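Each chain gets a letter, A, B and so on, in the order the sequences are listed, and its residues count up from 1. Heavy-atom basis, side chains included; hydrogens, waters and symmetry copies ignored. As the structure is a computational prediction, the values presented were derived from the model and not from experiment.
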Number of protein chains: 2
Amino acid sequence: MYSFTEENYLKAIYKLSYEQKQSETSTNAIAEELDTRAASVTDMLKKLAEKQLVNYEKYKGVSLSDEGKSVALQVVRKHRLWEVFLHDKLDFGWEEVHEIAEQLEHIQSDRLINRLDDYLGNPKHDPHGDPIPDKSGALFIENYLPLNKVASGQACILTGVSDHSTSFLKSVEKWGLGIGTCLTPGDKNEYDGTLEVELPNGEKIVIGQKSAAHILVKI
Amino acid sequence: MYSFTEENYLKAIYKLSYEQKQSETSTNAIAEELDTRAASVTDMLKKLAEKQLVNYEKYKGVSLSDEGKSVALQVVRKHRLWEVFLHDKLDFGWEEVHEIAEQLEHIQSDRLINRLDDYLGNPKHDPHGDPIPDKSGALFIENYLPLNKVASGQACILTGVSDHSTSFLKSVEKWGLGIGTCLTPGDKNEYDGTLEVELPNGEKIVIGQKSAAHILVKI
DNA sequence: AAATATTTTTAGATAAGTCTAAAAATAATA
DNA sequence: TATTATTTTTAGACTTATCTAAAAATATTT
């Protein structure tokens with residue numbers, strides 16, 4: 001149906017407009033996200049606009065059309081379901097699944113992805129805690145809080161991370177944290193921004209401001 | 001490492017030289033196998049020769065180099081392991097698995113395929129009975145007999161099929177046959193070539209010459 | 001508002017893979 | 001062996017996706 005490249009562009013636009021909480025996205029942002037040049041992005045945006053997958057006006061930024069958004073959500077669905085497969089069934093760590101899922105997300109077969117969904121028990125979240133769109137592309141977005149916004153002493157549950165980089169995920173793992181871990185933030189060092197966090201076993205760890213901002217929790 | 005297209009060419013050359021039991025393969029045969037034009041094949045053969053993946057001399061046919069054969073066998077390994085996954089875990093019929101595996105076979109990750117292999121219990125054959133190369137590309141080739149060569153009254157076990165077309169596989173299924181079914185060929189109609197076959201439950205079915213030639217058995 | 005900086009787009013080139021039509025080589029037949 | 005038929009290769013064009021360098025538009029500063 002659509003090429004790998006087209007799918008990657010649509011996914012990137014979806015991701016950026018979601019992160020920036022605005023539908024319009026810039027050429028440069030897409031180029032950076034896809035590790036390519038702005039000129040290449042302009043070329044592709046013209047093609048996507050031709051196919052009515054995006055709303056694009058020269059120099060004015062770009063946004064997904066309904067069809068484009070639907071395609072992007074299907075790719076996200078496939079990506080996250082494959083991540084669950086890799087993590088739950090093949091025992092890959094959460095820092096390893098992303099890269100392989102980048103390839104698997106482009107496999108074309110509705111029957112395959114729906115059976116995989118059932119086989120995995122219709123999971124609602126991927127190994128990083130991100131929600132998985134259903135067959136129709138519907139996405140249930142929960143409003144998680146970054147740990148650095150939680151009041152001291154307020155116990156909460158780790159529900160996800162907003163940075164999927166290997167280095168960050170590895171350090172989260174080293175601290176013994178994972179989805180579902182109960183956390184209680186304690187003292188915050190106003191000078192260097194570090195935060196003390198108490199774990200269920202009573203152990204106390206110290207994490208930096210940047211990490212605290214990328215650990216998502218619910219109360 | 002290698003592109004989808006390169007992998008498909010190498011796999012096609014491997015398949016043809018295996019089927020024809022000779023290492024040299026013709027341009028036209030490859031074109032037909034890949035549903036493309038002879039001119040395109042010539043172009044690609046030059047590139048593959050450049051990369052030392054094939055031994056190619058103008059007008060003289062082509063054969064795989066050691067490296068080319070190794071790549072082809074890894075693709076075959078991936079294809080067949082994914083077929084087992086689709087069949088055993090996701091419950092796809094044996095006539096459905098080939099098409100999806102054609103896509104999955106190009107996913108690049110040694111770690112993935114080796115874990116998948118373990119997860120599936122290191123199967124020795126795919127759902128059609130074809131042998132699966134091991135990590136190192138070694139293939140244990142059993143010498144199966146087509147059913148039409150088996151003597152009347154000689155009981156045997158269905159071990160594979162040498163045609164993977166949907167129409168053939170569907171009719172095999174309709175007869176109630178599958179890998180492991182015990183078959184006893186009976187009378188052969190010399191006029192129209194049909195063969196009577198007795199099943200374990202005593203039922204007798206009649207199959208055509210062409211089908212009998214594509215059902216592989218061991219005694 | 002004018003000058004400068006940044007972002008975005010155009011123009012033209014490149015690489016991978018494919019195609020058609022025609023030429024060259026090989027194989028088959030009279 | 002000469003002629004015909006088939007197979008294979010070349011030549012040149014097309015598509016998709018990319019790039020660099022330069023031009024145009026928009027934003028930011030002074």
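Distance from the side chain of B:T27 is smallest for D:dT8 among the nucleotides C:dT9, D:dT8, D:dC19. Closest to the side chain of B:Y59, out of C:dC19, C:dA24, C:dT8, is C:dA24. Here the side chain of A:T5 is nearest to one of C:dT8, D:dT18, D:dT9, namely D:dT18. The side chain of B:T42 sits closest to D:dT10 out of D:dT10, C:dT26, D:dC19. Taking only side-chain atoms of A:A39, from C-beta outward, the nucleotide of C:dT10, D:dT10, D:dT18 with the closest atom is C:dT10. Of the candidates D:dT9, C:dA11, D:dT10, D:dT10 carries the atom nearest the B:K46 side chain, counting heavy atoms from C-beta on. For A:K58, whose side chain is taken as the heavy atoms from C-beta onward, the closest listed nucleotide among D:dA17, C:dA25, C:dT9 is C:dT9.
Both A:K60 and A:F4 sit near DNA chain D, but only A:F4 has its closest nucleotide nearer the 5' end. Along DNA chain C, the nucleotide nearest B:K47 and the nucleotide nearest A:V41 are compared for position; the residue whose nucleotide lies closer to the 5' end is A:V41.
B:E50 has its CD atom 16 Å from the C1' atom of C:dG17, to the nearest Å. Put simply, CG on B:N8 is 17 Å from P on C:dA16, counting in whole angstrom units. Summarising the geometry, the separation between CD on A:E57 and C1' on D:dA24 is reported as 16 Å, rounded to the nearest angstrom. Counting to the nearest Å, the C1' atom of D:dT10 and the CG atom of B:L45 are 14 Å from each other. Between the CG atom of A:D43 and the P atom of C:dT8 there is a distance of 14 Å, rounded to whole Å. Atom CG of A:L48 and atom C1' of D:dT18 are 15 Å apart (whole Å). Rounded to an integer number of Å, the gap from A:K51 NZ to D:dT16 P is 7 Å. C:dC19 atom P lies 11 Å from atom CE of B:M44, rounded to whole Å.
Taking the six-membered ring where the residue is Trp, A:H164 and A:H128 present parallel rings, their angle staying beneath 30° rather than reaching 60°.
OP1 or OP2 of C:dC19 has at least one side-chain nitrogen or oxygen of B:T36 nearer than 4.0 Å. Between A:R37 and D:dT18 there is no side-chain polar atom (N or O) within less than 4.0 angstrom of OP1 or OP2. Considering only side-chain N and O atoms, A:S3 lies under 4.0 angstrom from the phosphate OP1 or OP2 of D:dA17. Side-chain N/O atoms of A:Y9 include one lying less than 4.0 angstrom from OP1 or OP2 on D:dT18. Side-chain N/O atoms of B:N28 include one lying less than 4.0 angstrom from OP1 or OP2 on D:dT8.
B:N114 and B:D110 share no side-chain donor-acceptor pair at under 3.5 Å. Side-chain contact annotation: A:H79 with A:E83, donor-acceptor N/O pair under 3.5 Å present.
Note that B:R111 lies outside the cation-pi zone of A:F92, set by a 6.0 Å cut-off to the ring centre and a 45° limit from the axis. In this structure, B:K210 is not positioned above the aromatic face of B:F168 in the sense of NZ or CZ being under 6.0 Å from the six-membered ring centre and within 45° of the axis.
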Let's go through A:R77 and A:D117 carefully: what are the C-alpha distance in whole Å and the side-chain angles of both, what is the deciding distance for salt bridge (charged side-chain N to carboxylate O under 4.0 Å, His left out) to 0.1 Å, and is it a yes or a no? CA-CA 10 Å; A:R77 170 171 160 78; A:D117 192 9; 3.2 Å; yes
